[in-house]
Amino acid sequence: MKATQAERVLQYMNDFGSITQLEALNDLGCMRLASRISDLKKKGYPIESEVVAVKNRYQEDCYIKRYRLVVQS
């Protein structure tokens, strides 16, 4: 059975620790990461986000969101 985008996003976070919109688009072909994160949260997955400063191609500050699974101990 083919994995859903949400399942792929979840697996990506498990494999790499976190995901951004650009990574979701480039690596998974997912154009609506925030929607997939919302789907996963509704299913009970503990996901947190942080705003990260990055530089764009013109070396200007931009802010993106990075999502990660909360590690439960």
Side-chain angles (χ1 to χ4, degrees):
M1 187 167 91
K2 184 177 170 183
T4 66
Q5 281 189 342
E7 291 168 339
R8 288 182 180 147
V9 167
L10 183 61
Q11 187 61 51
Y12 192 97
M13 288 189 291
N14 278 322
D15 292 346
F16 299 102
S18 65
I19 192 168
T20 65
Q21 177 61 55
L22 186 59
E23 292 165 341
L25 180 60
N26 289 340
D27 297 341
L28 306 177
C30 177
M31 303 257 322
R32 299 185 64 214
L33 177 60
S35 293
R36 301 300 70 84
I37 294 295
S38 177
D39 294 344
L40 290 168
K41 284 181 175 182
K42 286 177 186 171
K43 289 183 177 183
Y45 289 97
I47 298 172
E48 65 183 11
S49 64
E50 66 176 321
V51 176
V52 180
V54 296
K55 298 280 186 185
N56 67 12
R57 70 176 70 184
Y58 306 107
Q59 297 304 307
E60 300 165 336
D61 287 332
C62 294
Y63 300 92
I64 61 168
K65 223 173 219 191
R66 179 172 293 283
Y67 298 95
R68 69 178 32 92
L69 284 169
V70 176
V71 177
Q72 311 236 337
S73 48

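If you read the sequence from its start, that first residue is 1, and numbering goes on from there.
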Point to revise | Residue pair Leu10 / Ile47, side-chain heavy-atom distance below 4.5 Å | key: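 Side chain of Leu10 against side chain of Ile47, heavy atoms only: no contact under 4.5 Å found.
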Exercise for review: Indicate yes or no: at least one non-hydrogen side-chain atom of Met13 is less than 4.5 angstrom from one of Leu40.
Suggested key: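 Answer yes - side chains close enough.
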Answer yes if [X] and [Y] sit in the same cluster of Ile, Leu, Val, Met, Phe, Trp and Tyr residues linked by side chain heavy atoms under 4.5 Å apart, and no otherwise.
X     : Y     : value
Leu22 : Ile64 : no
Leu25 : Phe16 : no
Met31 : Val9  : no

Point to revise | Set of side-chain hydrogen bond (donor to acceptor under 3.5 Å, both in side chains) partners for Gln21, sequence neighbours left out | key: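 Per chain and number, Gln21 pairs via side-chain hydrogen bond (donor to acceptor under 3.5 Å, both in side chains) with no residue.
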**Study point:** Residue list, side-chain hydrogen bond (donor to acceptor under 3.5 Å, both in side chains) with Asn56, at least two apart or on another chain
**Key:**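 Asn56 satisfies side-chain hydrogen bond (donor to acceptor under 3.5 Å, both in side chains) with Glu60 only.
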Point to revise | Heavy atoms of other groups near Tyr12 OH, more than 12 under 6.0 Å | key: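 For Tyr12, atom OH is crowded (more than 12 foreign heavy atoms under 6.0 Å).
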Review point. Does a sphere of radius 6.0 Å around NZ in Lys41 hold more than 12 heavy atoms from other residues, nucleotides or ligands, not counting ones at 6.0 Å or beyond?
Key: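 Correct, the count exceeds 12.
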Exercise for review: Not counting sequence neighbours, which residues clear side-chain contact (heavy atoms from CB on, under 4.5 Å) with Arg66? List them please.
Suggested key: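 Per chain and number, Arg66 pairs via side-chain contact (heavy atoms from CB on, under 4.5 Å) with Ser18, Thr20, Glu23, Glu50, Val52, Arg68.
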Review point. With Asp61, which residues qualify under side-chain contact (heavy atoms from CB on, under 4.5 Å), at least two apart?
Key: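 Scan of Asp61 (side-chain contact (heavy atoms from CB on, under 4.5 Å), adjacent residues dropped) gives Lys55, Tyr63.
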**Study point:** Nearest-0.5 Å distance, CD1 of residue Ile37 to CD1 of residue Ile19
**Key:**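 Going from the CD1 atom of Ile37 to the CD1 atom of Ile19 covers 7.0 Å.
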Point to revise | Where at least one partner belongs to residues 25-37, residue pairs that pass salt bridge (charged side-chain N to carboxylate O under 4.0 Å, His left out), sequence neighbours excluded | key: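 Those involving residues 25-37 are Arg36-Asp39.
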Exercise for review: Can you tell me which residue pairs pass the salt bridge (charged side-chain N to carboxylate O under 4.0 Å, His left out) test with a partner in residues 2-14, sequence neighbours excluded?
Suggested key: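 Found none.
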